[in-house]
Amino acid sequence: MLRYLAGFLTVVFISVFSGLYIQIHKKLPVQTTDIYIPKGSSLKEIGNILKENKVIQNRTVFELYSRIKNKPLKYGYYRFEGYLSIKDVWEKLHAGKERLFRFTIVPGEDLIDIGNKLEKKGFIKKESFYSFVFDKENLKKYGLTGSSFEGYFPPETYFFRKNPEVTEIVKTFLQVFKKKYTPLLENKNINGLSFYQIMIIASLVEKETSIPEEKPVIAGIIMNRLKKNMKLQIDPTVIYALKLSGQWEGKLKKEDMDVDSPYNTYLYRGLPPTPISSFSVESLKSVINYEQTDYLYFFSKDGKKHIFSKTYKEHIRKLRK
């Protein structure tokens, strides 16, 4: 009798185990579904979210499988689609393979622009971003030169999860800088300028022109003016000063040119204290390989292409013409 009972129980166990195995591994169609698992959610709450959104069909089996695995599931934003089993869903949550969202820095955007865009895209509050990237002590932690992270965040398309920590964002930006920019800056000695000064000039070039063939020429003009101890008189430095002080209204006015800031190259000689924006690899290379000319002045009549002059007299004549 006991032998028959044992045999019966064995059959039942095998049957239950087989059924459970099938339910765990069976792949079922899931329509494209975005869900959010809040931080601190219990296993039951996670199961309910998945069931309610039709990512899984059997919450009990999901919970049972999770208890058997006895490993944590990670909160965040996830996208589920295609043919998925309970095992597939569990592994995605355990690995924290969140849905990633695109974020692009455009050449010439500064930290203020980037912070505004990060908040607008729903990644992080701009105040949290600013308090970190304008803190010199945070810069020191990464062994970087300067008083802010301005210039260290390359124009590029990045992918972030929703609600990332500010350190995750900064680390991602710096990885690209280290990969694409640092090799170009290492062991460079151009007119006795440091790599950081080269970065500053690259940002000035970036803000002055988007025309590739003009960039080495403008870089050369900046070099010429620095050698002669002339004021650089670059409008974007004034705009940056206004943005830092919260006075920028979108249009540069005559009275703005008198703003008292070390960034105002109409008032102070030499380079501004930091870069004034992000800059492309192309702009950086244009500084490293700047074009040697006798030009000292330039202006644009259409906001795009520039006209260059060797003397102030020539510059004024072309302006009037």
Side-chain angles (χ1 to χ4, degrees), residues 106-113 146-148 150-152 155 190-191 193-245 247-280 282-312 314-316 318-319:
V106 176
E109 288 185 328
D110 55 45
L111 291 177
I112 296 169
D113 300 325
S147 57
S148 76
E150 192 69 81
Y152 286 106
I190 301 169
N191 294 343
L193 298 172
S194 68
F195 86 89
Y196 192 63
Q197 290 171 316
I198 295 170
M199 286 174 57
I200 294 173
I201 297 173
S203 74
L204 301 179
V205 172
E206 187 68 60
K207 296 298 288 184
E208 283 290 1
T209 184
S210 60
I211 301 174
E213 57 268 26
E214 285 191 353
K215 291 186 176 187
V217 180
I218 290 177
I221 292 175
I222 293 172
M223 297 292 186
N224 290 342
R225 293 180 76 91
L226 288 172
K227 287 177 187 177
K228 292 179 177 292
N229 197 30
M230 297 172 65
K231 292 176 182 176
L232 295 182
Q233 297 181 320
I234 291 176
D235 290 359
T237 64
V238 180
I239 294 172
Y240 190 72
L242 294 169
K243 292 177 82 170
L244 288 178
S245 60
Q247 300 178 68
W248 176 239
E249 298 177 350
K251 187 175 181 180
L252 198 59
K253 302 184 291 291
K254 186 177 180 180
E255 56 267 28
D256 292 333
M257 309 309 287
D258 295 324
V259 61
D260 191 4
S261 167
Y263 287 93
N264 187 345
T265 55
Y266 280 87
L267 291 183
Y268 296 93
R269 286 179 168 79
L271 295 171
T274 71
I276 61 169
S277 71
S278 64
F279 50 88
S280 64
E282 180 183 58
S283 292
L284 180 59
K285 287 181 177 179
S286 76
V287 178
I288 296 171
N289 303 296
Y290 72 92
E291 189 169 327
Q292 296 187 25
T293 69
D294 293 327
Y295 292 136
L296 287 171
Y297 302 90
F298 63 94
F299 72 93
S300 173
K301 64 178 182 180
D302 58 4
K304 295 179 181 179
K305 194 170 183 179
H306 289 82
I307 296 171
F308 303 100
S309 301
K310 297 177 182 180
T311 66
Y312 184 68
E314 180 187 358
H315 175 63
I316 293 300
K318 288 181 178 178
L319 272 172

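- The existence of a salt bridge linking D113 and K243 is confirmed by a sub-4.0 Å separation between a basic side-chain nitrogen and an acidic carboxylate oxygen.
- Formation of a donor-acceptor pair under 3.5 Å by the N224 side chain with backbone atoms of T293 is found in this model.
- Salt-bridge check for K215 with E282: passed, with a basic side-chain N closer than 4.0 Å to an acidic carboxylate O.
- Atom-to-atom distance recorded for I221:CD1 and K310:NZ is 11.5 Å, nearest 0.5 angstrom.
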**OP:** Verify side chain to side chain donor-acceptor pair (under 3.5 Å) between D258 and Y266, making sure each step is shown before the conclusion.
**Re:** CA-CA 8 Å; D258 295 324; Y266 280 87; over 6 Å; no
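- Counting only distance, with no hydrogens or angles, the side chain of E109 and the backbone of V106 share a donor-acceptor pair below 3.5 Å.
- Taking OH of Y152 as the reference point, atom OG1 of T274 lies at 9.5 Å (rounded to 0.5 Å).
- Here the straight-line distance linking atom CD of Q233 with atom CG of N264 works out to 9.5 Å at 0.5 Å rounding.
- Side-chain contact between Y240 and S277 is absent, with no heavy-atom pair separated by less than 4.5 Å.
- A 6.0 Å sphere centred on NZ of K251 holds no more than 12 heavy atoms belonging to other residues, nucleotides or ligands.
- Once rounded to the nearest 0.5 Å, the distance linking CD1 of I198 with CG of L193 reads 6.0 Å.
- Panel note: side chain N229, backbone R269; no donor-acceptor pair is recorded below 3.5 Å.
- When atom types are taken as modelled, the side chain of S283 and the backbone of V205 share no donor-acceptor pair closer than 3.5 angstrom.
- The side-chain heavy atoms of E208 and H306, taken from C-beta on, include a pair separated by under 4.5 Å.
- The one candidate from I239, I112, V259 that meets the side-chain contact (heavy atoms from CB on, under 4.5 Å) condition with W248 is I239.
- Using a 4.5 Å heavy-atom threshold, the side chains of L267 and V238 count as separate.
- When each of L284, V287, I201 is tested with F279 by the rule side-chain contact (heavy atoms from CB on, under 4.5 Å), just one qualifies, namely L284.
- Annotation: side chain of L232 is in contact with side chain of L226 (closest heavy-atom distance under 4.5 Å).
- Taking a 6.0 Å sphere around CD of E255, one finds it holds more than 12 heavy atoms contributed by other residues, nucleotides or ligands.
- At distances below 3.5 Å, not a single donor-acceptor pair connects side-chain atoms of S309 with backbone N or O atoms of T311.
- Using a distance-only test at 3.5 Å, with no hydrogens or angles considered, a donor-acceptor pair links the side chain of N289 to the main chain of K285.
- Residues S278 and L111 form no side-chain contact, since every pair of their non-hydrogen atoms from C-beta on lies 4.5 Å or further apart.
- Atom OG1 of residue T265 and atom CD1 of residue I234 lie 5.5 Å apart, to the nearest 0.5 angstrom.
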Original post:
Would Q247 and S245 count as a side chain to side chain donor-acceptor pair (under 3.5 Å) if you check the C-alpha gap in whole Å, the side-chain angles of each, and the deciding distance to 0.1 Å?
Top reply: CA-CA 6 Å; Q247 300 178 68; S245 60; 2.7 Å; yes
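- Y297 pairs by the ring pair (Phe, Tyr, Trp, His ring centres under 6.0 Å) definition with Y312, H315, not counting sequence neighbours.
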**OP:** Output, in order, the C-alpha distance, side-chain angles, deciding distance and verdict of side chain to side chain donor-acceptor pair (under 3.5 Å) for E206 and S280.
**Re:** CA-CA 7 Å; E206 187 68 60; S280 64; 3.0 Å; yes
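- A distance of 5.0 Å separates CG of D110 from CD of E150, quoted to the nearest 0.5 Å.
- Environment of CD in E249: sparse, with no more than 12 heavy atoms of neighbouring residues, nucleotides or ligands closer than 6.0 Å.
- For Y290, there are no ring pair (Phe, Tyr, Trp, His ring centres under 6.0 Å) partners two or more places apart in sequence or in a different chain.
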